[in-house]
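Reminder, nothing fancy here: chain letters follow the sequence lines and each chain counts from 1.
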Protein chains: 2
Amino acid sequence: MSTRRETVRQALNESTGFRSAQDLYADLRSEGSKIGLTTVYRALQALSDSGEIDVLRTGDGEAVYRACITDTHHHHLVCRTCGKAVEVEGPQVERWADTVGAQHGFTDITHTVEVFGTCAACAAAD
Amino acid sequence: MSTRRETVRQALNESTGFRSAQDLYADLRSEGSKIGLTTVYRALQALSDSGEIDVLRTGDGEAVYRACITDTHHHHLVCRTCGKAVEVEGPQVERWADTVGAQHGFTDITHTVEVFGTCAACAAAD
DNA sequence: GCAATTTTGACAATCGTTTTCGTTTTCTCC
DNA sequence: GGAGAAAACGAAAACGATTGTCAAAATTGC
């Protein structure tokens, strides 16, 4: 429970969207924090390991993080322009994934599902 | 339509699973080809731009490619041990994604869905 | 055949991320 | 409160995948 980890968690909480490690680092530095990039990465790693934040990969392989409110399994509806994300659930998708996996003899099924779109605000602004 | 691009496409065709650029490069070199890594990347880029192959990102950000048989929209059931992939469809998932997007005022909905598991062969082997 | 154009591949550069390694801070126990 | 151990920090170096550069080689059009 270091102070630094709290700082990073809080920086994430202040955003509704997914942020990259580099983004968070830049934000914190510009707020005057003397935090190091290494520490930001370590904090994000720890938070994601403990399941407190969600991670996903952008199209170019960069890892982006988000502090989610729901702690149950969920997916995201992400604005491809501003990055804003909404937490969504899809029981039918969970069922489908399990079924399709079983049908092909696969076990230990997991899945990744993300939905992208342009949010109302960004659509109006463009 | 250079020879090199064909070479890469063919190397991909020979595999049922997703392969990384480095994998393919290693394979081709070990077969005696004098192809360069740069060219492999260029070929994969071109093939994926033209929609001839599918790309996805592994958990650690590496890009992996696969020559898929179906040319309609589909998803993958991937073995997390051997990488073998099966092409699957999920009309209900497509519908769910569109619905959920619309409900939140998002437009231009797209989605990524991948299912992971352990295939029967790998489960038996372990 | 030959100059113009495209493709290729060795190598260097880039970029996000991880390691390394002293230094500093925090914890613990007295 | 203070000494010593342990954990956390951060700067800089290392890394690994990918992309850019540029000259050599292959292909094309004439």
Measure from the side-chain heavy atoms of [X] and tell me the nearest of [options].
X	options	value
B/Tyr41	C/dG9, D/dA11, D/dT18	D/dT18
B/Thr39	C/dT17, C/dT18, C/dT8	C/dT8
A/Glu62	D/dA17, C/dG9, C/dG16	C/dG16

Using modelled atom types and a 3.5 Å cut-off, is there a donor and acceptor pairing between side-chain atoms of A/Arg80 and backbone atoms of B/Asp108?
yes
Within one Ile-Leu-Val-Met-Phe-Trp-Tyr cluster: A/Val40 and A/Val64, side-chain cutoff 4.5 Å
no
Length of the [atom1]-[atom2] vector between [X] and [N], whole Å:
X	N	atom1	atom2	value
A/Arg9	D/dA8	CZ	P	14 Å
A/Lys34	D/dA11	NZ	C1'	15 Å
A/Leu44	D/dG10	CG	P	13 Å
A/Arg19	C/dT17	CZ	P	14 Å
B/Asp60	C/dG16	CG	C1'	12 Å
B/Tyr25	D/dG16	OH	P	16 Å
B/Ile35	D/dA24	CD1	C1'	17 Å
B/Leu37	D/dG20	CG	C1'	13 Å

What is the nucleic acid contact for A/Gln45, judged by heavy atoms within less than 4.0 Å: base, sugar-phosphate only, or nothing?
sugar-phosphate
Is it the case that [N] (base atoms only) and [X] (side chain only) share a donor and an acceptor within less than 3.5 Å, ignoring hydrogens and angles?
X	N	result
A/Arg57	C/dG16	no
B/Arg42	C/dG9	yes
B/Thr38	D/dG20	yes

For B/Glu87, I'd like to know if atom CD has over 12 heavy atoms of other residues, nucleotides or ligands within 6.0 Å.
yes
Could you check whether A/Gln45 and A/Tyr65, counting side-chain N and O atoms only, form a donor-acceptor pair closer than 3.5 Å?
no
I want to check one thing: is the phosphate of C/dT8, taken as OP1 and OP2, less than 4.0 Å away from some side-chain N or O of B/Arg5?
no
Does D/dA26 have OP1 or OP2 under 4.0 Å away from a side-chain N or O of B/Arg4?
no
Looking at A/His75 versus A/His111, is the centre-to-centre ring distance below 6.0 Å?
yes
